[in-house]
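Below you'll find the structure, written out as C-alpha cells, and then a few comments.
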Amino acid sequence: MSAIKGNNRLQGPLPKIGIRPAIDGRLGGVRESLEGQTMDMARNVASFYEKNLRHANGSAIECVIADRCIGGVAEAAMAAEKFRKEGAGVSLTVTPCWCYGSETIDMDPLLPKAIWGFNGTERPGAVYLAAALAGHNQKGLPAFGIYGRDVQDAGAREIPPDVREKLLMFARAGLAVATMKGKSYLSLGSVSMGIAGSIVDEKFFQEYLGMRNEYVDMTEIQRRVHEGIFDKKEFEKAYQWVRKNCNEGKDLNPPPNQYPRKKKDEIWEYVVKMTMIMRDLMIGNPNLESMGYGEEALGRNAILSGFQGQRQWTDHLPNGDFMEAILNSSFDWNGIRQPFMVATENDSLNGVVMLFGHLLTGTAQIFADVRTYWSSQAVKRVTGKTLEGLAANGIIHLINSGSASLDGTGQQEKDGKPAMKPYWDITEKEAQQCLDATTWYPAIREYFRGGGYSSNYLSRGGMPVTMSRVNLVKGLGPALQIAEGYSVDIQEDIHGTLDKRTNETWPTTWFVPITTDKGPFRDVYSVMANWGANHGAISYGHIGADLITLSSMLRIPVCMHNVPDEKIYRPSAWGAFGMDAEGADYRACAAYGPLYG
C-alpha cells in the first residue's frame, strides 16, 4: 500500500490562514521605522504555520499575508478583500507596536480571529492587543488574545513556546471551523432504534457548523448493487484484497442460524459493494460518469455521513459494520488514505465529534458505545481476579458492533508506543498489522438477521485518548462533553470473561478516564454515570483543550471536562462573563449565539 498525500476529495478549495500585519499608521518616522519588523513578524508566523500544520487530508497549510501593513480602515478593507479572493478561512492579526484599535481590526463576523501582540518594551504591542480586544468585545466579534509571558527584545524573531502553543491551538480550531463550512452531513436512512442522535437536527448543523444536510434512503445502496452502479474493476481489486487481508473468524451463531459457505461469500461481495457505494455517495466517483451515471458520479460533498442500518436494513440485509469500519480506517484496497467519517446508527451527534477529532488531529476515530462500567469489585466477583495498574480503580468498556476504525487496534506506533497516527505518517507495515490484529466474525443473527461481518479486536493499552460527545438539550441547545484518559491493558483472562458477557464478535477498548476527585470526574464510575448518551467518539491524544477552543468558536458550551485550567483557551470576551470558567462559557455562548445563527 502507498499513501496518497494531500487529496482534496470535497468541492471547494481548502481554507487558508489569513495574516494581518497591523502597524501604527503615523507617517513621518513612526510607521516607516516599523514596516520591516511588522511584515517580518507576519512572514515568520506564516513560515511557522506552514512547517507545523497540515490539513486533515494531508495537504500543506497555505497562508495569505496582507499586501501591506494595516494602519487604518482603508488598509483593513484591502486585506479583507484579498482574504475573500484567496479563500482565507482564519484571520490572525500580528503586531509589535501600538496601532489604532478598532480602525485596524478584522470585522468579518464569520472568520475565527486572533491577535498576537508582541511583548516588548520598545513599542506597546500589548497595549494594542488590549485595545483591539476591547473593540472586538464591544462590537460582539469575539477574538482570541495571544500575549507572550516573557518580554522579548525588539529585534527578536523567535516565537516563544507559549505563543507557539496558542498560535497552533487557534489555527487548528479555526481551520476546523472553516473546513466544515459549506460541507454536507449525509444521512443514509433515518432514525435508528429511537436513538436521539440519529434524529438529525438541521438547525444545529446549519447554525452551529455552517453545514447542510443531505438525505438518501438506504434503498439507494440496494439499487446501485442490483443495477451495477459501481466501478466493476475496482470491485474485483477490492474483493481480492479483502479476502487476502480480512481474516474471517469462526461462526459463533447457533448452527440453525449459520449461513452456508456460498451465502457467506455472497455477503462478503455485498459488503464490499456497500463500502464502495457509501464512499461514492459521500464524495462522488468520476468513473461512474464514464459508465453513463453522471448524476451518481457527483456525490453529496459529504465531509461526514451516518448509516441507519438497524433495524429496517439489518433485519433483511447485511449490516454496515464492514462498510463503516473500513471507511473509518486510514487504509483500504487503494492504499493508505485519509479516513472517512461515518457514524454508526446514523448518530449524527457522535459523528460530529468524530469530525471534530479528525479535523483537529488528522487521525481516524473510534466510534463506540459507552457500554459498561466495571468496578474492581465487580470484576473480582465475576472473574476471581484483581484489576491492576491504571485499571485498578475500575474501567469503562467501549464497544460497538464492529464499526470502529481499525486504527483503534493501536498497532501503529509513535516513539515506540501504541498510537493512532495521521494517515501520512502510517507505514504499510503498520496498516498491515492493524488488519492482522482484526478478525471479521459472521454477524450474530440475533442482532443482525440479514447477516454481515463484524470486526473484532482489542485496543492496545497505553494510548492517551480523548472521549467526547455533543448532546442536544431542549432549552439549552448543544453541549459538549470531554473525558481525557488512557486505553488500558487488562489481564487476558479477565478480558476474555468480560468480553464474552457482552459480544465477543465486536471490537473492545478498555478506557480509564483521568479522575480529579470532584464532580463528574470524582471517579471512573462518575464519568460513566454522567455521560450524556449511549455513544462516544474516541480520538488519539489528549485533545480536550483543542476541543474546548473549537467549541468556543462555534459557541457550543462545554458541560463536562477534565482538562487542566491552565490549558483552556477561549476568546478574551469569555473573561467578561464571570470568574467561574464553566458558567462564563455558558453565558458567553448564550449571549453570542451560534456562529452562523
Side-chain angles (χ1 to χ4, degrees), residues 16-49 63-86 88 90-109 111-160 162-164 166-167 170 571-573 575-576:
K16 300 174 184 177
I17 299 176
I19 301 179
R20 309 171 72 253
I23 199 167
D24 189 324
R26 284 174 283 199
L27 287 168
V30 176
R31 176 165 180 156
E32 292 90 338
S33 69
L34 294 164
E35 288 277 5
Q37 181 186 2
T38 304
M39 192 58 80
D40 282 349
M41 191 175 177
R43 295 190 186 106
N44 195 23
V45 172
S47 176
F48 169 74
Y49 275 144
C63 293
V64 180
I65 302 176
D67 290 331
R68 53 192 290 166
C69 292
I70 300 168
V73 65
E75 288 163 323
M78 294 176 196
E81 179 63 11
K82 182 175 185 180
F83 286 5
R84 184 188 67 79
K85 288 180 178 178
E86 298 202 23
V90 181
S91 172
L92 172 69
T93 299
V94 300
T95 187
C97 61
W98 166 253
C99 315
Y100 298 158
S102 59
E103 294 182 18
T104 57
I105 64 175
D106 176 4
M107 294 284 288
D108 188 327
L111 284 186
K113 51 188 101 284
I115 303 170
W116 175 23
F118 184 81
N119 185 1
T121 55
E122 290 80 3
R123 297 283 182 177
V127 178
Y128 169 71
L129 173 63
L133 290 175
H136 275 286
N137 296 346
Q138 190 166 329
K139 293 173 183 294
L141 300 167
F144 291 79
I146 302 172
Y147 177 53
R149 176 176 291 274
D150 297 319
V151 173
Q152 292 180 270
D153 297 330
R157 293 294 181 266
E158 69 273 10
I159 302 175
D162 60 327
V163 173
R164 290 201 299 265
K166 287 186 175 178
L167 285 171
F170 165 72
S572 70

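From a predicted model like this one, the values you see are computed outputs, not experimental measurements. Sequential numbering from 1 along the given sequence is applied to the chain's residues.
- Here the shortest heavy-atom pairing between Gln37 and Pro96 reads NE2-CB, 3.5 Å.
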Go through the steps to decide whether Thr93 and Lys113 satisfy the test side-chain contact (heavy atoms from CB on, under 4.5 Å), and finish with yes or no. CA-CA 8 Å; Thr93 299; Lys113 51 188 101 284; over 6 Å; no
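- In this pair, Tyr128 and Trp98 present their aromatic rings perpendicular. The plane angle is above 60°, beyond the 30 to 60° band.
- A distance-only check finds no donor-acceptor pair linking the side chain of Glu86 to the backbone of Gly18 [under 3.5 Å].
- Scanning all heavy atoms of the two residues, the minimum distance from Arg68 to Pro21 falls at O-CG, 4.2 Å.
- In this structure, CZ on Phe170 lies 6.5 Å from OG on Ser91, to the nearest 0.5 angstrom.
- Within the 4.5 Å cutoff, the side chain of Phe118 has heavy atoms near those of the Gln152 side chain.
- Within the 3.5 Å criterion, the main-chain N or O of Gly29 finds a donor-acceptor partner in the side chain of Ser33.
- Distance check, rounded to the nearest 0.5 Å: CG of Leu92 to OH of Tyr49 gives 5.0 Å.
- In plain terms, the two heavy atoms of Asn137 and Ala573 that are nearest each other are OD1-CB, 3.3 Å.
- Between the side chain of His136 and the main chain of Leu141, a donor-acceptor pair closer than 3.5 Å is present.
- Closest non-hydrogen pair, Thr104 versus Gly72, comes out as CG2-N, 3.8 Å.
- Atom CH2 of Trp116 sits about 10.5 Å away from atom OG1 of Thr95, to the nearest 0.5 Å.
- In this structure, CD1 on Ile105 lies 12.0 Å from SG on Cys99, to the nearest 0.5 angstrom.
- Arg164 CZ to Ile146 CD1: the interatomic distance, rounded to the nearest 0.5 Å, is 13.0 Å.
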List the steps, then state whether side-chain contact (heavy atoms from CB on, under 4.5 Å) holds for Tyr100 with Asp24. CA-CA 7 Å; Tyr100 298 158; Asp24 189 324; 3.4 Å; yes
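- Counting only distance, with no hydrogens or angles, the side chain of Lys82 and the backbone of Ile65 share a donor-acceptor pair below 3.5 Å.
- For Gly145 against Leu129, the heavy-atom pair with the smallest separation is CA-CD1, 4.1 Å.
- A salt bridge does not link Asp162 to Arg149: none of the charged nitrogens lies less than 4.0 Å from a carboxylate oxygen.
- The side-chain heavy atoms of Met41 and Thr38, taken from C-beta on, include no pair separated by under 4.5 Å.
- Of all heavy-atom pairs between Glu32 and Arg26, the closest is OE1-O, 4.2 Å.
- Between the CG atom of Leu34 and the SG atom of Cys69 there is a distance of 8.5 Å, given to the nearest 0.5 Å.
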